[in-house]
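Worksheet: the structure to be examined is printed underneath.
A, B, ... follow the sequence lines: proteins, then strands. Residue 1 opens every chain. Here the structure is a predicted model, which is why all the values come from computation and not from measurement.
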2 protein chains.
Amino acid sequence: MQQSSFTTSAPSRSAADAPLLDRLRGLIVSGVVPPGDLLGETALAEEFEVSRTPIREALKQLEREGLVEIRPRVGTFVRKPSQREIYELFQLKESLEGLAAGLLAQRGDVPELRSLIRNVESEHDVVRAGDRAAYSTLVHDFHHTLIAGADNQKLSEHYELLMNQLAYHRIVTQTLALPGRLDASLGEHQQIVLAIQSKDPITAELATRRHVAQTRENAALAAFREDGASPSN
Amino acid sequence: MQQSSFTTSAPSRSAADAPLLDRLRGLIVSGVVPPGDLLGETALAEEFEVSRTPIREALKQLEREGLVEIRPRVGTFVRKPSQREIYELFQLKESLEGLAAGLLAQRGDVPELRSLIRNVESEHDVVRAGDRAAYSTLVHDFHHTLIAGADNQKLSEHYELLMNQLAYHRIVTQTLALPGRLDASLGEHQQIVLAIQSKDPITAELATRRHVAQTRENAALAAFREDGASPSN
DNA sequence: CTTACATTCGTTGCATGCAAGAAAACATCA
DNA sequence: TGATGTTTTCTTGCATGCAACGAATGTAAG
C-alpha cells in the first residue's frame, strides 16, 4: 500500500501532450504502478503539472474501466483483478477473438491477413531460436492483428478494455514458460491462420476459441504456481 | 440542435440520490433527450442542483460509453449511432448472447433457467393475444435473463454498455412490427430455451446466434423504412 | 447581394478554495 | 500492558472564478 513515485528519470517529459488518461492508464497496465498502490490526486497533479481537476476526471474513467478502485474520502488505488474476474475476462476474450477470426475469414484477402501470415512466420523463427521474450511480443501482435482484421471498431474497443484489465496478470504470470507451450502455441496459431486463409469462418472461430481456452488453462496453472502464498484476493 | 428542458413535471424529485451518472444516462437511453440535443453543463447543474464539476465528470463517462459527443469549447451533444455502428454492435451482441446461452446450458438447473421458461410461457400468451407492446417488454427481459444466467459479471457489464448504445435505436425502430415477426421470434426463443434445458451448449449457442442475427436483419429493414429521408448520418 | 472582417456571446477547460469524512496518531485511564 | 476516547492529519467532494476558444452576429466594403 505504499506510494511509489514512478519517476523513471527526467521530470516526466516523455510523451508530453499525450492525453492524460492514456498516460495514467499506461502507468497501470505497464506495471509501473503495481496493484495496491495509492494514486493520490495531489501527487499526480504535481507529477503531471496540471491541477487536480483533470486528474480526477481521468481517475474516474479508470475506475469505470476496472483498473482502479476509488474509496471515497480515502483515495484511489490500483486494482488487482480477482481470480474469478480473470476467469470471466478470459471467457469473454475467447468469445471475442472467436468472433474476430470468423469475421476475418469472411473478408477475403485483406492486409490484416497478410500481416498475420508474416507474423506466424516470424513466430516460427523465434521459436526455433528459443527466444521466448520475442515470441511473447509476437503473440501480442498476433492477437491484436486478429481483432483488427475483423474490421469492427466496437469489437476493438471492447477488446482493448478487456485486455487492459488483464495486462498486469499477463505481466506477472509467464504462461509461455510452461514446458512445450511455445511449440503448442505456435501450432495453434498456424491452424488459425490456415483456416482463415481457407475462408472457413467456422473452423477459424473454433480453432481460435480452443487456442484461447488453452491459454486460459495455462494461465491458471502459472498463476497457481506464482500466487501460491497469497490467499484468494 | 435545440436544448430541450426535459422537466417532466415536478422540479425533478423522482430518484433523488440516484447516482448522477445513472440519471443522466437515463435521460439519453430513455429517449427523453433525443440525439443532437445539447447537454449544457450549466443547465444540467441547475436541473440537478449540483455544481458543474460532478456534471462534467458524468458527461465524460457518457462520452466513453459512446452516448454523447463532447466537442471541446462547444458543448456536449447526444449522439446518434451510425448505421455502421449499429451493425457492429449487433455483431457483438450476437457473440455475447451466444456465449451466455452456452454458459447457461452448462450450469444445470439454476434460477435464471426457470425464469427463462416462465418468460417464454408468458410470451406465448401475449403473442396469442396479439399484444405487441407486452411482448416487447418480455423480449427485453428474456435477453437480460439470458445474460444474467451466464453468471459472468464482466459479460454483463459489457453487454449493458452495448445495449445502452442500442437503446435509442431500439426505441425508434419497432422491429417487431414486421409481419410474422412476432411468431417467428417466439419460436426462436422456444428453441433456445429447449437447447438450454437439454444441457446442449453448442445448440444453445447456435440457436441464440441465429436469433440475434434475425433480429439484426429485421432491424436493418425497419431502420431502412424509418430513416428513408436523412442521408447516412 | 455577397463577402470579409470585427465584435459579442455562449460554452467549456482548468485552477483553486474550503468543508467533510476517514484513518492514523496520540493521550488518557484502568 | 491493554483499551478507549480524542485529536490531528491526510484525503477526497464539490463549488466557484476566470481565461480561452468556437460560433454567431453585426458591420462595412466591394
Side-chain angles (χ1 to χ4, degrees), chain A residues 1-7 11-13 15-25 27-28 33-79, chain B residues 1-7 11-13 15-25 27-28 33-79:
Chain A
M1 281 284 189
Q2 63 173 3
Q3 150 101 318
S4 55
S5 64
F6 55 78
T7 55
S12 179
R13 272 282 152 265
D17 60 294
L20 201 60
L21 178 60
D22 293 336
R23 296 176 66 187
L24 276 173
R25 191 189 294 110
L27 288 179
I28 299 171
V33 183
D37 266 27
L38 167 67
L39 290 174
E41 292 179 4
T42 312
L44 291 171
E46 288 183 15
E47 174 71 19
F48 291 100
E49 294 175 340
V50 293
S51 86
R52 280 176 48 216
T53 308
I55 298 284
R56 271 186 69 74
E57 288 173 356
L59 289 180
K60 274 221 160 181
Q61 302 262 15
L62 292 178
E63 182 186 36
R64 216 174 135 7
E65 293 182 22
L67 295 180
V68 305
E69 177 188 354
I70 299 179
R71 308 227 308 258
R73 312 272 183 190
V74 177
T76 301
F77 300 87
V78 178
R79 202 154 164 286
Chain B
M1 283 286 187
Q2 64 174 4
Q3 150 100 318
S4 55
S5 63
F6 55 78
T7 55
S12 177
R13 272 283 152 265
D17 59 295
L20 201 59
L21 177 61
D22 293 336
R23 295 176 67 187
L24 277 174
R25 191 189 293 112
L27 288 179
I28 298 170
V33 183
D37 266 26
L38 167 67
L39 290 174
E41 292 180 3
T42 311
L44 291 171
E46 288 183 14
E47 173 70 19
F48 291 101
E49 296 177 339
V50 293
S51 87
R52 279 176 49 216
T53 309
I55 297 284
R56 272 186 69 74
E57 288 172 356
L59 288 179
K60 274 221 159 180
Q61 302 262 13
L62 291 178
E63 181 187 37
R64 219 181 132 359
E65 293 182 24
L67 296 179
V68 304
E69 177 187 354
I70 299 180
R71 309 227 307 259
R73 311 275 184 188
V74 178
T76 302
F77 300 89
V78 178
R79 198 152 167 289

Using a 4.0 Å cut-off on heavy atoms, which residues in residues 52-66 of chain B reach DNA chain D? List them by number, or say none.
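B/R52, B/T53, B/P54 - these, ordered by number, are the residues of the stretch whose heavy atoms sit under 4.0 Å from the strand.
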What's the closest nucleotide to the B/V50 side chain, out of D/dA20, D/dA23, D/dA15?
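Looking only at side-chain atoms, B/V50 lies closest to D/dA15.
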Out of D/dG22, C/dA23, D/dT12, which has the shortest distance to the side chain of B/V74?
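The nucleotide sitting nearest to the side chain is D/dG22.
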For A/I55 against A/S51, the heavy-atom pair lying closest together:
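That closest heavy-atom pairing would be CG1-O, 3.5 Å.
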Under the side chain to side chain contact (heavy atoms under 4.5 Å, CB included) test, residues paired with B/V74 that sit two or more places apart
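B/V74: side chain to side chain contact (heavy atoms under 4.5 Å, CB included) contacts with B/R71, B/F77.
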For B/E63, enumerate each residue passing the side chain to side chain contact (heavy atoms under 4.5 Å, CB included) test, keeping only those at least two apart in sequence or located in another chain.
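With neighbours one apart ignored, the set is B/V68, B/I70.
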I need the [atom1]-[atom2] distance between [X] and [N], as an integer number of Å.
X     : N      : atom1 : atom2 : value
B/I70 : D/dC21 : CD1   : P     : 18 Å
A/F77 : C/dA22 : CZ    : C1'   : 11 Å
B/E41 : D/dC14 : CD    : C1'   : 14 Å
B/L38 : D/dG22 : CG    : P     : 17 Å
A/L44 : D/dT12 : CG    : C1'   : 13 Å
A/R71 : C/dA24 : CZ    : P     : 9 Å
A/L20 : C/dC14 : CG    : P     : 9 Å
B/R73 : D/dC21 : CZ    : P     : 6 Å

Under the criterion side-chain contact (heavy atoms from CB on, under 4.5 Å), I'd like the reasoning laid out for B/L27 against B/R23: C-alpha separation, chi angles, the key distance, then a yes or no.
CA-CA 6 Å; B/L27 288 179; B/R23 295 176 67 187; over 6 Å; no
I'd like to check the side chain to side chain donor-acceptor pair (under 3.5 Å) partners of B/R52; sequence neighbours left out, ordered by chain and number.
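Once residues adjacent in sequence are excluded, the partners of B/R52 under the side chain to side chain donor-acceptor pair (under 3.5 Å) criterion are B/E41.
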Can you name the residues that form a side chain to side chain donor-acceptor pair (under 3.5 Å) with B/E65, not counting sequence neighbours?
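Residues passing side chain to side chain donor-acceptor pair (under 3.5 Å) with B/E65: A/R64, B/R25.
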Set out, in order, the CA-CA distance, both residues' side-chain angles and the distance that settles side-chain contact (heavy atoms from CB on, under 4.5 Å) for A/L39 and A/I28, then state yes or no.
CA-CA 10 Å; A/L39 290 174; A/I28 299 171; 4.1 Å; yes
At less than 4.0 Å, is any side-chain N or O atom of B/S51 found next to OP1 or OP2 of D/dC14? Yes or no.
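No.
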